[in-house]
Amino acid sequence: MKKLPFIALHLALGMAVVGASCSTKDAETSADNNKSAETVVADTTDSIGFAPSTNIRYIDEEELLSEYNLAKDFKEASIRAMSKLEAAQQTRANDLQQLQSQIENKMRNNSYTSEAQYNADVASFQKKQQDAQSYLANLQRNTELEMQQQQAQLMDSIESYIKIYNQSKCYDAILLKSAGLYFNPALDITKDIIEGLNARYNKK
């Protein structure tokens with residue numbers, strides 16, 4: 001019986017989580033809020049004095065998944081689902097092993113009075129083996145589907161909140177930390193995102 005590999009709840013949001021687009025009015029409103037951030041970006045200019053004009057922030061996806069309550073709940077649910085599947089596999093393997101041992105003991109003790117009786121036990125064993133395989137395959141499919149649905153829900157929750165979050169911030173892009181080799185720590189908005197996500201999730 002094939003064992004279901006653990007499906008991690010991992011973000012696959014892409015290189016750029018958000019490509020921000022704000023109206024002129026929104027941009028003017030948030031101009032004062034972005035001055036300090038632009039100063040931080042300007043401080044990272046290279047030796048020829050090039051100052052990047054893109055106003056970006058980044059999110060540490062590992063920290064996000066470890067602190068977002070919905071992600072933690074889904075992780076616990078996936079562990080329970082895996083435990084249920086493994087327990088079902090073990091139970092049916094034990095049942096089949098016990099039935100096989102009974103048949104072998106009857107053969108050793110010459111308990112079968114006819115070939116038809118032996119064939120009936122073998123047929124019963126094969127039927128239970130097929131039923132077990134069918135049940136476990138169905139349980140595994142359902143477990144995989146449930147995990148995929150949870151992952152899709154998690155990604156949708158994060159993406160939708162970031163879009164709402166960025167309506168007032170007007171960042172040009174919000175990236176995942178894994179998308180780059182280096183980010184100025186001052187550009188990290190992970191804690192803000194986690195706080196907002198958890199506040200929204202707890203309200204539900």
Side-chain angles (χ1 to χ4, degrees), residues 1-20 56-100 125-169 171 173-181 183 185 187-204:
M1 288 170 280
K2 184 178 179 181
K3 194 173 183 180
L4 176 67
F6 180 78
I7 302 177
L9 290 175
H10 178 70
L11 286 179
L13 304 182
M15 294 290 286
V17 178
V18 172
I56 66 171
R57 295 295 183 273
Y58 76 90
I59 298 172
D60 185 331
E61 59 267 43
E62 291 185 3
E63 181 181 355
L64 177 61
L65 291 177
S66 67
E67 297 297 331
Y68 182 20
N69 290 336
L70 178 61
K72 291 192 287 187
D73 288 346
F74 280 165
K75 183 177 181 180
E76 292 175 359
S78 70
I79 292 174
R80 290 194 298 269
M82 287 299 302
S83 297
K84 179 181 178 181
L85 177 58
E86 291 172 357
Q89 290 173 331
Q90 189 61 51
T91 297
R92 278 152 183 78
N94 291 341
D95 290 345
L96 290 172
Q97 181 62 45
Q98 183 177 3
L99 184 56
Q100 184 179 8
F125 172 81
Q126 292 174 339
K127 175 66 165 56
K128 290 183 178 180
Q129 187 178 46
Q130 292 172 354
D131 289 345
Q133 291 173 344
S134 177
Y135 172 81
L136 292 174
N138 185 59
L139 181 60
Q140 179 170 323
R141 283 194 297 270
N142 290 340
T143 301
E144 290 176 341
L145 178 60
E146 182 179 359
M147 290 182 178
Q148 290 170 0
Q149 291 173 340
Q150 289 176 352
Q151 183 171 346
Q153 183 180 343
L154 176 63
M155 291 171 58
D156 180 70
S157 174
I158 294 171
E159 288 182 352
S160 63
Y161 176 74
I162 290 176
K163 290 177 181 177
I164 294 172
Y165 171 86
N166 201 48
Q167 287 177 357
S168 62
K169 301 297 183 179
Y171 298 134
I174 298 177
L175 308 177
L176 296 177
K177 185 178 181 180
S178 60
L181 296 176
F183 289 103
L187 302 178
D188 188 355
I189 59 170
T190 307
K191 294 189 182 303
D192 286 346
I193 298 299
I194 292 173
E195 182 178 350
L197 283 169
N198 282 336
R200 186 174 68 164
Y201 179 57
N202 291 334
K203 286 181 180 181
K204 289 185 179 180

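For reference, positions follow the sequence shown, starting with 1.
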Worksheet item: Could you go step by step and tell me if Tyr68 and Ile158 meet the side-chain contact (heavy atoms from CB on, under 4.5 Å) rule?
Response: CA-CA 9 Å; Tyr68 182 20; Ile158 294 171; 4.0 Å; yes
Discussion item. Apply side-chain contact (heavy atoms from CB on, under 4.5 Å) to residues Leu70 and Leu197 and explain how you reach the verdict.
Written reply: CA-CA 9 Å; Leu70 178 61; Leu197 283 169; over 6 Å; no
Item to complete: Please test Tyr58 against Ile189 for side-chain contact (heavy atoms from CB on, under 4.5 Å), starting from the C-alpha separation and ending with a verdict.
Response: CA-CA 6 Å; Tyr58 76 90; Ile189 59 170; over 6 Å; no
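The one candidate from Leu187, Leu64, Asp192 that meets the side-chain contact (heavy atoms from CB on, under 4.5 Å) condition with Ile59 is Leu64. Looking at Gln148, Arg141, Met147 one by one, the single match for side-chain contact (heavy atoms from CB on, under 4.5 Å) with Leu145 turns out to be Gln148.
In this structure a side-chain-to-backbone donor-acceptor pair under 3.5 Å is present from Arg200 to Ser157. A donor-acceptor contact shorter than 3.5 Å is absent between the side chain of Ser134 and the backbone of Gln130. Between the side chain of Asn166 and the backbone N or O of Ala173 there is no donor-acceptor pair closer than 3.5 Å. Of the possible donor and acceptor atoms, none in the side chain of Asp60 sits under 3.5 Å from a partner among the backbone N and O of Thr190.
Glu61 and Ser178 share a donor-acceptor pair across their side chains, judged by distance under 3.5 Å alone. With hydrogens and angles left out, the side-chain atoms of Gln90 and Asn94 include a donor and acceptor closer than 3.5 Å.
In this structure, Ala71 and Leu65 approach most closely via the heavy-atom pair CB-O, 3.4 Å.
Take Lys191 and apply the side chain to side chain donor-acceptor pair (under 3.5 Å) test, not counting sequence neighbours, and it matches Glu63. In this structure Asp95 satisfies the side chain to side chain donor-acceptor pair (under 3.5 Å) test with no other residue, sequence neighbours excluded.
Residues Gln153 and Gln150 form no side-chain contact, since every pair of their non-hydrogen atoms from C-beta on lies 4.5 Å or further apart. Residues Ile193 and Tyr165 form a side-chain contact, since some pair of their non-hydrogen atoms from C-beta on lies under 4.5 Å apart. Between Lys84 and Arg80, every side-chain heavy-atom pair lies at or beyond the 4.5 Å cut-off.
Taken to the nearest 0.5 Å, the CZ atom of Phe183 stands 8.5 Å off from the CG atom of Leu176. Between Leu99 atom CG and Lys127 atom NZ the span is 12.5 Å, to the nearest 0.5 Å. Thr143 OG1 to Leu85 CG: the interatomic distance, rounded to the nearest 0.5 Å, is 5.0 Å. A distance of 15.0 Å separates OH in Tyr201 from CD1 in Ile194, rounded to the nearest 0.5 Å. In this structure, the separation between NZ on Lys177 and CG on Asp188 is 7.0 Å, given to the nearest 0.5 Å. To the nearest 0.5 Å, atom NZ of residue Lys128 and atom CZ of residue Arg92 are 12.0 Å apart.
Residue Gln100 qualifies as enclosed at atom CD: its count of foreign heavy atoms under 6.0 Å is above 12.
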